[in-house]
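Note sheet for the following structure.
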2 protein chains.
Amino acid sequence: MLLSKSCIYGLRASILLAKDESNGFITIRDLSDELNISFHFLTKVLQKLTRSEILESFKGPNGGVKLAKPAEQVTFKEIVISIDGRFYKVDCPLGLPACGELAPCPLHDQWEELNNRIQNMIGSVTLAELSDRQKRGKPNLQFSAQTGS
Amino acid sequence: MLLSKSCIYGLRASILLAKDESNGFITIRDLSDELNISFHFLTKVLQKLTRSEILESFKGPNGGVKLAKPAEQVTFKEIVISIDGRFYKVDCPLGLPACGELAPCPLHDQWEELNNRIQNMIGSVTLAELSDRQKRGKPNLQFSAQTGS
DNA sequence: GTATATTAAGACAAAATACTCTTAAATCAT
DNA sequence: ATGATTTAAGAGTATTTTGTCTTAATATAC
């Protein structure tokens with residue numbers, strides 16, 4: 001597992017929001033229905049994004065959530081950090097906190113380059129790109145109705 | 001978290017075993033002391049490696065565990081698979097089981113190349129290389145006595 | 001203002017992961 | 001044989017993650 005389920009749910013919901021050109025409020029119920037995941041659990045996840053000011057929420061009829069800024073300005077990484085509460089970065093594949101230049105773990109060098117590329121990818125990919133890609137290709141965000149892996 | 005703690009413990013212990021040129025049995029107590037982790041927990045982890053025939057164990061006085069084959073023939077990946085019980089591979093960063101050529105998730109293409117590189121790295125790095133690198137550089141396998149990260 | 005729709009928040013339950021403890025089995029030394 | 005040493009196995013506990021349920025707060029519509 002690369003990301004927690006919370007993160008994945010948050011990312012998927014955010015992509016759906018980015019897909020909505022109108023940028024009006026969309027209810028969490030609609031999102032959870034479309035993604036086929038628990039409404040209450042998704043609510044909790046999206047609350048984090050709202051508190052981080054990645055989303056904007058509105059209560060009551062016609063309420064819901066929407067992106068607080070243009071999809072071009074929201075990165076994959078921002079969302080993960082907001083939800084998991086930590087920098088999405090594996091410093092050392094062996095989990096050694098002191099691993100670094102001075103005392104590298106045996107995998108340090110090999111890992112570093114890969115890690116940089118991962119960081120670069122998630123730091124530069126925006127919701128705009130993700131939703132765009134999804135709009136063009138065959139949509140695939142639902143967890144259900146799987147054809148198998 | 002890239003790997004579970006069980007995996008990390010198993011990898012660290014295996015690297016210590018690979019470092020031992022004599023290839024005699026080393027007690028799990030010695031390993032857990034050196035790695036500064038729970039003896040009983042490490043025992044469970046190493047039992048998996050023994051069942052997978054990556055380690056060989058021997059009970060009683062002068063017993064312990066040792067590598068069942070040359071360190072050159074044990075890969076990082078083998079150990080992870082033995083302990084986590086699944087292929088260490090993130091098919092889709094958004095966790096979509098059906099993600100693939102036919103219905104790619106929005107990150108599919110970007111992820112694929114990175115994933116291949118990760119797979120390549122963990123599939124080709126052997127315990128011999130890991131222990132060697134550790135012997136030459138400044139050793140760093142203990143979780144305790146951290147200088148902070 | 002009353003009812004309805006919707007997010008916010010918190011308590012609670014379930015499942016997965018991490019860790020501890022006890023007992024059994026095997027081996028060795030005497 | 002007996003006792004000591006060591007892994008094997010399984011029960012039990014703790015913590016984290018995931019998921020559910022209930023109530024509160026806020027906004028709309030009538």
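The analysis underlying the following values was restricted to heavy atoms, covering all of them including side chains, and did not include hydrogens, waters or symmetry mates. So you know, we letter chains A, B, ... as the sequences are listed, proteins then strands, and number each from 1.
Phosphate proximity of C/dA18 to B/Y9: absent, as no side-chain N or O sits under 4.0 Å from OP1 or OP2. Contact between the side-chain N/O atoms of B/S6 and the OP1/OP2 oxygens of C/dA18 is found at a separation under 4.0 Å. One finds no side-chain N or O of B/S38 lying less than 4.0 angstrom from the OP1 or OP2 phosphate oxygen of C/dC19.
For the segment residues 46-57 of chain B, no residue has any heavy atom less than 4.0 angstrom from an atom of DNA chain C.
Rounded to whole angstrom, the span from the CG atom of A/L42 across to the P atom of C/dA8 amounts to 11 Å. A straight line from NZ of A/K5 to P of D/dT20 spans 11 Å, rounded to a whole angstrom. Atom CZ of B/F25 and atom P of D/dA8 are 10 Å apart (whole Å). In this structure, B/L35 places its CG atom 13 Å from P of C/dC19, rounding to the nearest Å. One atom, CD1 of B/I37, and another, C1' of C/dT20, lie 14 Å apart when rounded to the nearest Å. Put simply, CD1 on A/I26 is 15 Å from C1' on C/dT7, counting in whole angstrom units. Counting to the nearest Å, the P atom of D/dT22 and the CZ atom of A/F39 are 14 Å from each other. If you measure from atom CZ of A/F41 to atom C1' of C/dA16, you get 13 Å, rounded to the nearest angstrom.
Using a 4.0 Å cut-off between charged side-chain N and carboxylate O, B/E34 and B/R29 make no salt bridge. Using a cut-off of 4.0 Å between Lys/Arg side-chain N and Asp/Glu carboxylate O, B/E113 and A/R117 are scored as salt-bridged.
Of the possible donor and acceptor atoms, one in the side chain of A/E129 sits under 3.5 Å from a partner among the backbone N and O of A/T126.
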Subject >> Sequence-aligned protein contact record of nucleotides 23-30 of chain C, with B where the base is within under 4.0 Å of a protein heavy atom and S where only the sugar-phosphate is >> reply: --BBBSS-
